[in-house]
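Notes follow the structure.
Every chain is numbered from 1 and lettered A, B, ... according to where its sequence line falls, protein lines coming before strand lines. This structure is a prediction, so every number in the text was calculated from the model and none was measured.
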Amino acid sequence: MGAGGAKEAPLQDPRDVMHLVETLKQAVAAIVEGEGLTDGLDRIAVETPRDPTHGDFATNAAMVLAKAAKRNPRELGELIAARLADSPLVTSASVAGPGFVNITISPEAAAAVVRAAQDGAAFTALAQTDAPQKVNVEYVSANPTGPLHVGHARGAVVGDALANILALRGHEVTREYYINDAGAQVDVLARSAFLRYREALGETIEIPSGLYPGDYLVPVGEALAAEHGRALLDQEEAAWLPLVRETAIAMMMEAVRGDLAVLSIEHGTFFSEKSLQSPEDIVGKTIARLESEGLVYEGTLPRPKGQAEDWEDREQTLFRSTEFGDDMDRALKKSDGSYTYFASDIAYHDHKIQRGYHRLIDVLGADHGGYVKRMTAAVAALSHREVKLDCLLCQLVKLYRAGEPVKMSKRAGDFVTLREVVDEVGADPVRFMMLYRKSDAPLDFDFAKVTEQSRDNPVFYVQYAHARCASVKRQAVEAFDATILDDLASAPLESLADSGERSLVVALALWPQLLASAADVAEPHRVAFYLHELAAALHTQWNRGKDDVTLRFVNAEARDLTRARLALVEAVQAVLRQGLSALGVSAPNEMR
RNA sequence: GUCCUCGUAGCUCAGUCGGAUAGAGCACAGGAUUCCUAAUCCUGGGGUCGCAGGUUCGAAUCCUGCCGGGGACACCA
């Protein structure tokens, strides 16, 4: 658009407006572009102002562009405001403060939002990107050496919700679990299971320290006894270990899947670490490739300061991760010549890259924080900086029971399992609470509070808002008849003029954009907080009906007005349902 | 010692690619009896955004240095 063509902002007929926020943004962009200002267009934002008296929306466009344009921001703001005010979507627009343009939307625009949001799925689809990617989300990936505990639950829920959100954003998402079935720990598992096998055959066993004592291995021992009888007893460890290991891993992974299923989590791909080592030695090939690019060498690492008593200064096979931002180069082989975990993980991430993903996301426990730089470096090296790896660190979950910390010790299998927690409080509260916090912040999880059905509990607060919407519709049918709910989109939505109704409309309008940004920055908690706010706006409006009867959603004297408000309620319900569904939380129609 | 992460109301936390007078819940004080669920709502007090500099029209947000909590630091996974 040239400077001369500055006249028409792309403001459609309000009936066609689906994504109001985006439309307003484009309108603002068109106006400033018409002025020949293009520097900083992507920084233009249309947001809700903190103070509602400033209007429904505000844009920072004038301030963002003023500097590059060497123009007075307020003057530019005046121009934007004047043009915007011509739009059928805008009732008034004015400049305030240092150059904000405050916008009050028209009744027609509000109506368009409600109409769009009533079809929750179509409305949510507005969040879809026009640049879809193949995204791999790897989460949980717990060692197959026992059942999942609460700590795993957080990563599981965060990863699952994130995958949902990315899919709603329009990306092609794979949910993946990396099975660490190649290291020393699964050998320990096998030895532990072998003891249980002997136990199943009648021996009295004693579990030495260093092996896994948990009685979840008892069934494994029994299965081994049933399958092999006494045949393994006389064999050397080298002979029975692979057999036992395979059975134990398979049964543990079955248990893991079962644990995840109670949270409705299902991975699409389970990737075996062992498959990278044999029979094809994919790890070796990947390292060879890095070597051919000069990124692998034999060398010594500096001794870390302040510790490492048994430090042994020797040559190692190292990856030049420092060239990609790591603090030091990292070992690829252990002293016995076998690959390090890192080497396997390099091959694994390379495998993901070869599978064509544009973006990799690893959901990790916070204790893996020190691992992020080297893995990010490896992915950069492997993909020649084409593929981005995001590591999402999940902090610890601290369990409380009525304010008292729940003690857990690692020995003796004395930990609280994921299944125990879900059995006690239910999947919905567990999922929502895990998401109602930034993932990199520690989380206090109090059994008493999480099961409490009160407003203190955000899960019930949001679910109740959804149920209340359903209840309002039921009440409307009672006050009128079943046809009251027919074709609500044709109701006179322009009559939704009350400030509380307007607040709900504005909250609804933000949904697609919010969902999109939650996906882009990989922060599922934003969705949870948004839902809480939308629920609050609904509860508030419902309660205002107590003070002022004319504000009630259902008004037996005014059928058309009631229908318009029911449309609003239906839209709120639809968005709540979409959001809850994205988080994997149910949206009940009544709370009992 | 190095790196990562966090530090916002009495408590638990949002807000951070720079934007208007920094928000919510809990707790505390007060209030809402005929009403679609009082599982809700309203009002109020409460802040040197860890400290100190810097960048600029503008900093909780970006940079530097400190302080404090948590985590990780060859050969584990």
Fill in: Chi angles and distances behind the side chain to side chain donor-acceptor pair (under 3.5 Å) call for A:Gln395, A:Asp440
CA-CA 5 Å; A:Gln395 276 288 352; A:Asp440 54 5; over 6 Å; no
> Could a donor-acceptor pair under 3.5 angstrom be found where the side chain of A:Asp181 meets the base of B:rA77?
Replying inline: no
message: Whether A:Lys438 contacts B:rC13 is assessed here as follows: a side-chain N or O lying under 4.0 Å from the phosphate OP1 or OP2. Is that the case?
response: no
query = Does A:Tyr464 have a side-chain nitrogen or oxygen under 4.0 Å from the phosphate oxygens OP1 or OP2 of B:rC41?
reply = no
| task | For A:Pro442, answer base if it contacts any base atom (sugar-phosphate contacts may also be present), sugar-phosphate if it contacts only those atoms, and nothing otherwise; contact means non-hydrogen atoms under 4.0 Å. | result | sugar-phosphate
pair_partner(B:rU55), Watson-Crick or wobble, both distances < 3.5 Å, evaluates to none
Would you tell me if any nitrogen or oxygen in the side chain of A:His368 comes within less than 4.0 Å of OP1 or OP2 on B:rU5? no
note: A:Asp187, atom CG; B:rA77, atom P; distance rounded to Å ~ 10 Å
With centres under 5.5 Å and planes under 30°, do A:His54 and B:rA20 count as stacked?
yes
Taking B:rA14, B:rA20, B:rC3 as options, the one with an atom nearest any side-chain atom of A:Asn102 is B:rA20
| query | Looking for any heavy atom pair under 4.0 Å, which part of the strands does A:Glu533 touch: base, sugar-phosphate only, or nothing? | reply | nothing
B:rU5, OP1 or OP2 - any side-chain N/O from A:Lys373 closer than 4.0 Å? no
Fill in: Ring centres under 6.0 angstrom apart (A:Tyr461, A:His532)
yes
Mate of B:rC49 across any strand shown (Watson-Crick or G-U wobble, both atom pairs under 3.5 Å) is none
Self-check item: Sugar-phosphate, base or nothing in reach of A:Tyr371, heavy atoms under 4.0 Å
Solution: base
Under a 3.5 Å limit on both distances, the Watson-Crick or wobble mate of B:rG1 is B:rC73
Re B:rU61: Watson-Crick or G-U wobble partner, both distances kept under 3.5 Å, found to be none
State, yes or no, whether a side-chain contact exists between A:Leu217 and A:Tyr212 at a heavy-atom distance under 4.5 Å. yes
* Could you tell me whether the phosphate oxygens of B:rA74, OP1 or OP2, come under 4.0 Å of any side-chain nitrogen or oxygen in A:Arg374? => no
Result for 5'-nearest mapping on RNA chain B, choosing between A:Asn60 and A:Gly183, is A:Asn60
message = Would you say that A:Gln277 contacts A:Lys274 through its side chain, given a criterion of any heavy-atom pair below 4.5 Å between the two side chains?
response = no
Using Watson-Crick geometry (N1-N3 plus N6-O4 or O6-N4) or G-U wobble (N1-O2, O6-N3), each under 3.5 Å, B:rC17 is paired with none
Parallel, tilted or perpendicular: which one describes the rings of A:His368 and A:Tyr371, with boundaries at 30° and 60°?
perpendicular
Contacts of A:His525 and A:Phe553 projected onto RNA chain B by closest heavy atom; the upstream (5') one is A:His525
Re B:rA24: Watson-Crick or G-U wobble partner, both distances kept under 3.5 Å, found to be B:rU12
N/O (side chain, A:Thr340) to phosphate O (OP1/OP2, B:rC76) under 4.0 Å | no
